[in-house]
Colleague: 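Below is the structure I would like to discuss, written out as structure tokens.
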Amino acid sequence: MALDTNAKREWMARVALFRGCSPDALERLAERMGEVEFPAGHHIVTQGQVGSGLYILVTGRARVLRGDDLIADLEPGDFFGELAVLDQMPRSATVIALEPTTCLGLASWDLIAELERDPQLALNLLRELAGRIRFLEDQYIY
């Protein structure tokens with residue numbers, strides 16, 4: 001697929017995590033993002049393994065599993081992997097490509113550096129995590 005920096009920045013602007021970030025922040029992140037392609041059935045990340053980055057789904061679809069439990073199905077524009085970046089702990093779930101899938105990947109050290117630099121990105125991440133916690137509360141606690 002080979003996205004250039006402008007295309008990566010445009011993709012990021014569509015993702016809730018990056019909305020409202022400065023153009024400079026988006027440019028810095030887009031320059032550091034890699035593009036990774038996964039065939040259908042391939043593990044993008046595997047539960048229990050140490051994670052070193054965050055992913056944004058660009059094309060294809062993926063499934064999130066914790067053990068044998070279905071957690072979510074992902075589509076272009078969804079992101080995952082942020083927890084392992086933040087706490088440096090093993091991945092809490094497996095993400096499997098359901099069809100040929102392309103992701104943008106951002107190394108943990110690049111995301112952490114930008115979180116320290118851009119309060120809007122940090123606030124967006126907190127809001128996304130809060131939304132995920134509320135979803136889980138509704139699904140499993142009440």
Side-chain angles (χ1 to χ4, degrees), residues 1-38 40 42-142:
M1 184 174 212
L3 297 172
D4 64 15
T5 300
N6 287 334
K8 291 176 186 177
R9 192 175 57 245
E10 288 173 11
W11 260 105
M12 291 168 53
R14 293 182 222 156
V15 176
L17 176 60
F18 301 106
R19 284 196 192 115
C21 289
S22 71
D24 288 342
L26 292 177
E27 182 73 21
R28 284 190 299 272
L29 290 167
E31 289 173 353
R32 290 172 176 77
M33 282 195 166
E35 187 175 336
V36 189
E37 294 185 8
F38 300 95
H42 185 83
H43 284 210
I44 301 171
V45 301
T46 303
Q47 183 176 348
Q49 290 185 346
V50 175
S52 61
L54 167 123
Y55 294 90
I56 301 169
L57 202 67
V58 176
T59 64
R61 293 182 308 118
R63 178 158 286 160
V64 181
L65 301 169
R66 187 169 295 124
D68 292 329
D69 294 332
L70 173 63
I71 303 300
D73 283 328
L74 304 176
E75 297 183 352
D78 289 332
F79 70 92
F80 57 94
E82 72 287 348
L83 290 180
V85 169
L86 292 174
D87 64 11
Q88 300 297 298
M89 299 294 290
R91 301 275 187 196
S92 60
T94 295
V95 179
I96 301 171
L98 295 176
E99 58 192 57
T101 298
T102 302
C103 293
L104 294 176
L106 183 64
S108 59
W109 50 89
D110 289 328
L111 179 60
I112 295 296
E114 199 57 42
L115 285 168
E116 291 172 346
R117 190 175 190 171
D118 188 339
Q120 184 63 54
L121 179 58
L123 183 58
N124 289 353
L125 183 57
L126 288 170
R127 286 180 175 147
E128 287 295 315
L129 292 173
R132 291 177 186 197
I133 290 168
R134 287 184 186 280
F135 172 79
L136 291 173
E137 284 179 338
D138 290 345
Q139 297 294 325
Y140 300 105
I141 296 176
Y142 297 110

Colleague: Find out whether Glu35 and Thr102 are in side-chain contact, i.e. whether some heavy atom of one side chain is under 4.5 Å from a heavy atom of the other.
Modeller: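 Glu35 reaches Thr102 side chain to side chain.
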Colleague: When you compare the side chain of Leu86 with that of Leu125, does any pair of heavy atoms fall below 4.5 Å?
Modeller: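 A side-chain contact under 4.5 Å exists here.
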Colleague: Just grab all the ring-ring contact (aromatic ring centres under 6.0 Å, His included) pairs involving residues 111-134, residues at least two apart or on different chains.
Modeller: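 Found none.
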Colleague: Is the closest side-chain heavy-atom distance between Glu128 and Glu82 below 4.5 Å?
Modeller: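 The answer is no; the side chains never approach within 4.5 Å.
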Colleague: Where is the tightest heavy-atom contact between Val15 and Gly77, given as atom of each residue plus distance?
Modeller: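 The pair with the smallest heavy-atom distance is CG2-O, 3.5 Å.
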Colleague: Which atom pair, heavy atoms only, marks the closest approach of Gln88 to Val85?
Modeller: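 Closest approach of Gln88 to Val85: NE2-O, 2.7 Å.
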Colleague: Please report the interatomic distance CG(Leu126) to CG(Leu115), rounded to the nearest 0.5 Å.
Modeller: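 So the CG of Leu126 and the CG of Leu115 are separated by 8.5 Å.
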Colleague: So Leu98 and Leu74, side chain to side chain contact (heavy atoms under 4.5 Å, CB included) or not? Walk me through it.
Modeller: CA-CA 9 Å; Leu98 295 176; Leu74 304 176; over 6 Å; no
Colleague: Could you state the interatomic distance from SG (Cys21) to CZ (Arg28), rounded to the nearest 0.5 Å?
Modeller: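 Here the interatomic distance stands at 9.5 Å.
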Colleague: So, taking the atom named CG in Asn6 and the one named CG in Leu26, what distance separates them when rounded to the nearest 0.5 Å?
Modeller: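 Result: 11.5 Å between the selected atoms.
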Colleague: What pairs with Phe18 under ring-ring contact (aromatic ring centres under 6.0 Å, His included), at least two apart in sequence or on another chain?
Modeller: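 ring-ring contact (aromatic ring centres under 6.0 Å, His included) check on Phe18 returns nothing, list empty.
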Colleague: For the residue pair Leu57 and Cys103, establish whether any side-chain heavy-atom pair is separated by less than 4.5 Å.
Modeller: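 SC-SC contact between Leu57 and Cys103 confirmed.
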Colleague: Is any side-chain heavy atom of Leu111 closer than 4.5 Å to a side-chain heavy atom of Leu121?
Modeller: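 Leu111 vs Leu121: side chains touch.
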Colleague: With side chains defined as the heavy atoms from C-beta onward, is the minimum distance between Leu65 and Leu70 less than 4.5 Å?
Modeller: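 The answer is yes; the side chains approach within 4.5 Å.
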Colleague: Could you name each residue pair satisfying side-chain hydrogen bond (donor to acceptor under 3.5 Å, both in side chains) that touches residues 62-81, not counting sequence neighbours?
Modeller: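 Qualifying pairs: Arg63-Asp73.
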Colleague: So which atom in Ala93 and which in Val64 form the shortest heavy-atom distance, rounded to 0.1 Å?
Modeller: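 Looks like CB-CG1, 3.7 Å.
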Colleague: Got Thr46 and Arg91 here, is their nearest side-chain heavy-atom distance under 4.5 Å?
Modeller: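 No, their side chains stay 4.5 Å or more apart.
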Colleague: Could I get the full list of salt bridge (Lys or Arg N to Asp or Glu O under 4.0 Å) partners for Arg14, not counting sequence neighbours?
Modeller: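 Arg14 satisfies salt bridge (Lys or Arg N to Asp or Glu O under 4.0 Å) with no residue once adjacent residues are dropped.
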Colleague: For the backbone of Gln47 and the side chain of Thr94, can you confirm whether one donor and one acceptor N or O come within less than 3.5 Å of each other?
Modeller: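 Yes.
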Colleague: Does anything in residues 63-114 pair up under ring-ring contact (aromatic ring centres under 6.0 Å, His included), and if so which pairs, sequence neighbours excluded?
Modeller: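 Output for this query lists Tyr55-Phe80.
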Colleague: Could you state the interatomic distance from CG (Leu3) to CZ (Arg9), rounded to the nearest 0.5 Å?
Modeller: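 Atom-to-atom, Leu3:CG and Arg9:CZ are 12.5 Å apart.
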Colleague: Under 3.5 Å, is there a donor-acceptor pair between the Asn124 and Gln120 side chains?
Modeller: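 Asn124 vs Gln120: donor-acceptor pair found between side chains.
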Colleague: What are the two closest non-hydrogen atoms of Met89 and Ala84, and how far apart are they?
Modeller: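 Minimum heavy-atom contact is O-CB, 3.5 Å.
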Colleague: Could I get the full list of ring-ring contact (aromatic ring centres under 6.0 Å, His included) partners for His43, not counting sequence neighbours?
Modeller: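 Counting only residues at least two positions away or on another chain, His43 forms no ring-ring contact (aromatic ring centres under 6.0 Å, His included).
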Colleague: Return the OG1 to CG distance between Thr5 and Leu29, rounded to the nearest 0.5 Å.
Modeller: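 Thr5 OG1 to Leu29 CG: 11.5 Å, rounded to 0.5 Å.
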Colleague: Kindly give the heavy-atom pair with the smallest separation between Pro76 and Gly60, and that separation in Å.
Modeller: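 In terms of heavy atoms, the two residues are closest at CD-O, 3.2 Å.
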Colleague: Identify the two heavy atoms, one from Asp118 and one from Ala25, that lie closest to each other, and give their separation to 0.1 Å.
Modeller: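 So the minimum-distance heavy-atom pair works out to OD2-CB, 3.1 Å.
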Colleague: Measure the shortest side-chain to side-chain distance between Met12 and Met33 over non-hydrogen atoms and say whether it is less than 4.5 angstrom.
Modeller: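 Touching, per the 4.5 Å side-chain cut-off.
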